[in-house]
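First up is the structure itself, then whatever we jot down about it.
Count residues from 1 along the sequence. Source: prediction; values computed, not measured.
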Amino acid sequence: MFCYQCEETARGTGCTVKGICGKEDHTAGVQDVLIYLCKGISVRNIAARAKGAENKDAGAFITEALFATLTNTNFDDERLKALITQAIAIRDALPKAGENEPDACTWTPKSDADIAAKANEIAELANVNDDVHSLRAMVVFGLKGVAAYYHHAEMLGFTDAAITDYMQKGLASTVQDLPVDKMIAMVFECGEVGVKTLALLDTANTKTYGNPEITSVKTTVGTNPGILITGHDLRDMEQLLEQSWDSGVDIYTHGEMLPAHAYPAFKKYTHLIGNYGSSWWHQKEEFDTFHGPILVTTNCIVPPRDSYIDRVYTTGPAGYPGTTYIPKKADGTKDFSVIIEHAKRCQPPEPAKTIGRDLITGCAHEAVLALAGTVIDAVKKGDIKKFVVMAGCDGRQSERQYYTDFARALPKDTVILTAGCAKYRYNFLDLGDIGGIPRVIDAGQCNDCYSLVVIAKALAEAFGVGINELPVVFNIAWYEQKAVLVLLALLSLGVKNITLGPKLPGFVSPGVLKVLVDNFNIRKNSTVEEDMKRMVPA
């Protein structure tokens, strides 16, 4: 295997024996082959589109397939192989794209050994640190982010063919011999499509569930048995809440599901009683003490302990061998009754050890812009000197303590803008407020990063300056491919001077890094003291 798509990849260069995430080499290989076949589908479907013969469902399949290969999403070889079979059927039903099709359009495995051999071939080709491979990787990993965000909008009935068309265009480009300048353009186009996808998801969420409201969420536990829902999918959350109504079972959010508490549509469910635990990598300890069943809706799943694997249920793109999978029915709904009945047989959760105070969420663009006058006045009066965007992902390495220490060291006239699970590094700190404005403005999930863009644009308009002239600095933590897409989206908007960490992506070659540094002044974080002097000078 060779996998360097996430921040914690081995030695910062690539996992070659087993993924640090827990992904086995054979699983990595099956995922690589699935992506390879999606490239073949894309080449053929683009050619068929020009003749009016495209498969209009190919985009939805590619979305599902790419999401399944995102870090910490699907570890189940059998489900991934089922997607491979489906990919071949879709590809082979399309007319040939020409006489000289790439191998991804024609290769067909006859056995698991064929899949393994092709996986080894793909891994050997990927393990090259040149600009061409780097740019192709950036496109593929950015597309995984697009697919993840688009999937959530799609589940709520919001679609855009231009987005799925670009997914196919981007995938097809990686099996073409394009000049470097066109490959760079493809990367930045991915960022532009990312902005469009995030905007679509924002519309889907708010049109379906209302605009998030600034909300205080309890982290204590009740006396009823509970179900813990983790991942990111709000449609799954809605169905679970509706089906568990009056069941005597409480529902708790975990990780990136915390912001669900802020949506008006969910506030009627009195059995949605709080958030349990913190970010994804604490699962093993937190799931052990929860005692009830856990519903994993998307990424991020950590290989479960034997002590609770029988309580883990997966759905959507998520999967892990030994867990119970909840499929979608023909009408698009899901039946969570087996989880609810399981919960009734369980003990109530023990208090989580990782969080000890209520958490504030729901500071999305509508809620913050309602306070725009107060915010602008605070800036003009000097009460707020700087906004620090600390969005992104959390991770398990000790070096991520940097983000807690950085937040704690910020002057009291600074406000943190955040989204994603990186906030669990500092949202438990009592940082207070500035004239009623919370010093940690949590826009929600990583899915809600678009809110930070809307807020920044509104501030730029209010002050009559460009986005890079605002009193805003970016100190972003990344872990997986959704964060890669958010970074590309920010670059497509012209945002410069982004600090990224804890490590720079292993898939960025020296030549590509030079382009990013020369054009956008991207840099890696260093120490709290040095970065504080640079980003928030006294």
Side-chain angles (χ1 to χ4, degrees), residues 1-6 9-11 13-21 23-44 61-62 64-71 73-88 90-92 97 100-145 147 167-168 170-178 183 186-187 480-481 484 505-509 512:
M1 70 175 285
F2 181 77
C3 183
Y4 58 179
Q5 67 179 2
C6 79
T9 191
R11 300 173 301 281
T13 57
C15 295
T16 58
V17 178
K18 179 178 180 177
I20 302 295
C21 65
K23 180 170 61 178
E24 300 290 347
D25 59 346
H26 49 82
T27 304
V30 174
Q31 291 183 355
D32 286 346
V33 169
L34 177 58
I35 295 168
Y36 189 71
L37 292 168
C38 285
K39 294 176 181 181
I41 293 173
S42 299
V43 171
R44 284 194 172 180
F61 173 78
I62 288 171
E64 179 184 6
L66 287 178
F67 199 170
T69 68
L70 196 87
T71 300
T73 301
N74 196 326
F75 296 78
D76 191 331
D77 283 17
E78 295 310 309
R79 282 187 47 217
L80 292 166
K81 287 177 184 176
L83 289 172
I84 284 177
T85 300
Q86 193 176 349
I88 292 169
I90 292 170
R91 183 198 66 184
D92 291 354
N100 297 309
E101 289 185 314
D103 182 66
C105 292
T106 59
W107 173 79
T108 301
K110 293 183 173 59
S111 65
D112 285 352
D114 288 348
I115 292 175
K118 178 59 69 173
N120 287 336
E121 179 185 320
I122 294 169
E124 288 177 9
L125 290 172
N127 192 6
V128 180
N129 191 24
D130 62 21
D131 295 345
V132 169
H133 286 87
S134 179
L135 291 167
R136 287 175 178 169
M138 288 182 76
V139 169
V140 171
F141 299 156
L143 287 173
K144 290 189 182 191
M167 286 190 210
Q168 295 166 67
L171 286 172
S173 78
T174 65
V175 291
Q176 297 167 348
D177 188 18
L178 297 179
M183 296 176 71
M186 191 66 67
V187 169
E480 38 84 315
Q481 299 83 69
V484 172
F507 55 82
V508 176
S509 67
V512 172

Q. Roughly how far, to the nearest 0.5 Å, is CG of Leu37 from CZ of Phe61?
A. 8.0 Å
Q) Are Thr73 and Thr69 close enough that some pair of their side-chain heavy atoms sits under 4.5 Å apart? A) no
Q) Do Thr9 side-chain atoms and Cys3 backbone N/O form a donor-acceptor pair below 3.5 Å? A) yes
Q. Heavy atoms, side chains only, cut-off 4.5 Å: are Asp130 and His133 in contact?
A. yes
Q. Are any of the side-chain heavy atoms of Lys144 and Gln5 separated by less than 4.5 Å?
A. yes
**Q.** Derivation of the side chain to side chain donor-acceptor pair (under 3.5 Å) call for Asn127 and Tyr4
**A.** CA-CA 9 Å; Asn127 192 6; Tyr4 58 179; over 6 Å; no
Q: Return yes if some donor-acceptor pair links the side-chain N/O of Arg44 with the main-chain N/O of Ala97 below 3.5 Å, else return no.
A: no
Q. Are side-chain heavy atoms of Ser173 and Met183 found at a separation under 4.5 Å?
A. no
Q. Can you tell if the side chain of Gln31 reaches within under 4.5 Å of the side chain of Thr27, non-hydrogen atoms only?
A. yes
(Q) Could you tell me if the side chain of Gln86 sits less than 4.5 Å from the side chain of Leu83, heavy atoms only? (A) yes
Q) Is there side-chain contact between Lys118 and Asp103, with heavy atoms separated by less than 4.5 Å? A) yes
Q) If you count the non-hydrogen atoms of other residues, nucleotides and ligands that lie under 6.0 Å from NZ in Lys81, is the total more than 12? A) yes
Q. With a 4.5 Å limit on heavy-atom distance, are the side chains of Lys18 and Asp25 in contact?
A. no
